[in-house]
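Data block below; observations after.
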Amino acid sequence: MDANLARLQSVTPPEGESFADSLLHGLGKTPKEIACKYFYDEAGSRLFDAICELPEYYQTRTEIALLRRHAGEIAGLMGPNVEILEFGAGSLRKVRILLDAAHAPIAYTPLDISGDYLKTVVHALAADYPALALRPLVGDFTRPLALPALPDNPRRVGFFPGSTIGNFKPDAAMALLRAMRASLNGGGLLAGVDLVKDPVKLHAAYNDAAGITALFNKNLLMRANRELGADFDPEGFAHYAPYNAAAHRIEMYLISLRRQSVSLCGRPFEFAAGEPVHTEDSHKYTIESFREMACRAGFNPRAVWTDEERLFSVHWLESR
Ligand code: TRP
């Protein structure tokens, strides 16, 4: 065992809605929907890592390049002896850039909804950073978090990359930023945000030629089959992800390709031919519109970095 690695701890109250409850509720609505946090079981987390490597998905590589290019400045803003708390930590790839640049970081706290995946990826990090206290947490970062205190109470900074903020409707995004500010105890937040751009480029990023995004979307149905014994036919649904320019967002759906009935937890669900199931939104911001929202959430937006093509942005927000 790695001495610097704490045991995986759960930080969201157990009385939370289960996948089954949420699915029964969402598929009972008109129009039907499935909550996007359920994308990320272990299989979904791996598919998402594959999305991040796709030629069409410019977001990950652009953000990584920005973090690398400005790591020194970011480390200066974060200050010495910090705890980095990452919201939706995934593969733990990006944080290495921060850890390598940071001045004597004390602790790293990755929070992710996929405990199985987090357990697998956290070991490599523990071995590579033996002086760092690693405290992996499984939980839903949209719910109140009971964060255990660290021995010397180091100053905490937040890390929220990948434009995950875009997966929330503007009102929910603002509420989430507020809640994050509360859990940071006055520390700053480093957030990655995808920018409004040519719709053709946006469309391609969510409709890749290899069909990985389609598999990722359909993993919701396969997960319901695996975990809940549902009988979705993934071939009976199509991945559909148009860009809604007026709302500045990619909207993701699974479209029923025929009239069909699916059994879930002993209940039948009817799908009409062509009926959509909404699975995700990915809102795009301008640098200004994101900074304005951060302001309204109680942050002072400070530094912002973007690439030459203005594809993506990384923001340093200070708590007010
Ligand atoms: N935060 C990512 C984004 O909005 C999540 C994402 C990328 C995603 N590709 C996806 C979510 C495909 C669902 C389906 O870009």
Side-chain angles (χ1 to χ4, degrees), residues 26 33-41 43-64 66-67 86-95 111-114 117 140-142 159-170 172-173 176-177 180 190-223 234 237-244 247-255 276-285 289-290 293 307 311-315:
E33 62 182 36
I34 302 178
C36 64
K37 64 181 171 192
Y38 296 106
F39 276 126
Y40 303 95
D41 64 349
S45 296
R46 288 185 193 284
L47 282 168
F48 186 69
D49 288 346
I51 288 178
C52 294
E53 306 281 330
L54 290 169
E56 295 95 334
Y57 198 73
Y58 59 86
Q59 286 92 325
T60 308
R61 69 183 114 84
T62 309
E63 184 176 44
I64 287 176
L66 285 171
L67 293 173
E86 182 169 359
F87 299 98
S91 70
L92 313 185
R93 215 180 128 203
K94 294 170 188 168
V95 77
L111 167 61
D112 203 272
I113 199 156
S114 179
Y117 188 58
D140 174 353
F141 60 66
T142 65
F159 184 37
F160 191 33
S163 205
T164 307
I165 191 68
N167 302 126
F168 296 84
K169 295 223 159 28
L176 181 59
L177 288 178
M180 286 180 173
L190 186 71
V193 183
D194 196 16
L195 298 174
V196 168
K197 63 180 59 62
D198 180 349
V200 173
K201 190 163 180 80
L202 282 171
H203 185 271
Y206 297 85
N207 293 274
D208 61 288
I212 308 291
T213 307
L215 281 179
F216 179 67
N217 201 3
K218 291 184 187 186
N219 180 55
L220 285 169
L221 307 180
M222 322 238 262
R223 180 175 178 183
F237 290 83
H239 165 75
Y240 181 57
Y243 183 61
N244 178 339
H248 309 294
R249 64 177 182 233
I250 290 282
E251 297 174 356
M252 197 131 23
Y253 300 93
L254 289 163
I255 310 279
V277 181
H278 181 246
T279 58
E280 172 97 302
D281 287 323
S282 184
H283 293 82
K284 307 306 169 187
Y285 289 88
S289 67
F290 181 74
M293 179 171 77
D307 52 292
L311 297 177
F312 201 89
S313 58
V314 173
H315 300 249

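No experiment lies behind these values; they were computed from the predicted model shown. As the structure lists them, so they are numbered: ligands from 1, and atoms in each ligand from 1. Residues take their numbers from the sequence shown, with the count starting at 1. These numbers come from the heavy atoms of this one structure, side chains and all, not from hydrogens, waters or symmetry mates.
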Problem - G44 backbone acceptor or donor facing D41 side chain under 3.5 Å - result: yes
Problem - Test item: H248 side-chain N/O and S282 main-chain N/O as donor-acceptor pair under 3.5 Å - result: no
Fill in the blank from the handout: Numbered in order shown, the ligand 1 atoms found under 4.0 Å of a heavy atom of S163 are 1 (N)
Practice task
Taking atom types as modelled, find out whether D112 and S114 have a side-chain donor-acceptor pair closer than 3.5 angstrom.
Solution key: no
Practice task
Hey, can you tell me if F290 and Y285 have their rings parallel, tilted or perpendicular (30° and 60° cut-offs)?
Solution key: perpendicular
Practice task
List every atom of ligand 1 that sits less than 4.0 Å from any heavy atom of T213, numbering the atoms from 1 in the order shown and giving each element.
Solution key: 12 (C)
Practice task
Give the single entry among K284, H283, M252, R249 that approaches atom 14 (C) of ligand 1 most closely by any heavy atom.
Solution key: M252
Practice task
Name the closest protein heavy atom to atom 6 (C) of ligand 1, giving the residue it belongs to and the distance to 0.1 Å.
Solution key: F48 CE1, 3.5 Å
Problem - N or O pair under 3.5 Å between S282 and ligand 1 - result: yes
Exercise for the section: For ligand 1, note which part of N167 has a heavy atom under 4.0 Å away: side chain, backbone, both or neither. Expected result: side chain
Practice task
Go through the structure and list residues passing salt bridge (charged side-chain N to carboxylate O under 4.0 Å, His left out) with E63, not counting sequence neighbours.
Solution key: K94
Problem - Residue pair D194 / Y58, side-chain donor-acceptor N/O under 3.5 Å - result: yes
Exercise for the section: Give the residue, atom name and distance (to 0.1 Å) of the protein heavy atom nearest atom 9 (N) of ligand 1. Expected result: Y206 CE2, 3.5 Å
Handout entry: Flag for T279-Y253: side-chain donor and acceptor within less than 3.5 Å
Key = no
Practice task
Examine Y57 against ligand 1 and note whether any of their N/O atoms are separated by less than 3.5 Å.
Solution key: yes
Handout entry: Heavy-atom gap G166 to ligand 1 smaller than 4.0 Å
Key = no
Handout entry: Side-chain donor-acceptor pair present, Y243, K197, cut-off under 3.5 Å
Key = no
Fill in the blank from the handout: The atoms of ligand 1 lying under 4.0 Å from a heavy atom of F216, numbered in the order shown, are 11 (C), 12 (C), 13 (C), 14 (C)
Practice task
Please confirm whether G162 comes within less than 3.5 Å of ligand 1 when only nitrogen or oxygen atoms on both sides are compared.
Solution key: yes
Problem - Taking atom 8 (C) of ligand 1 as the reference point, the nearest protein heavy atom with its distance - result: E280 OE2, 3.6 Å
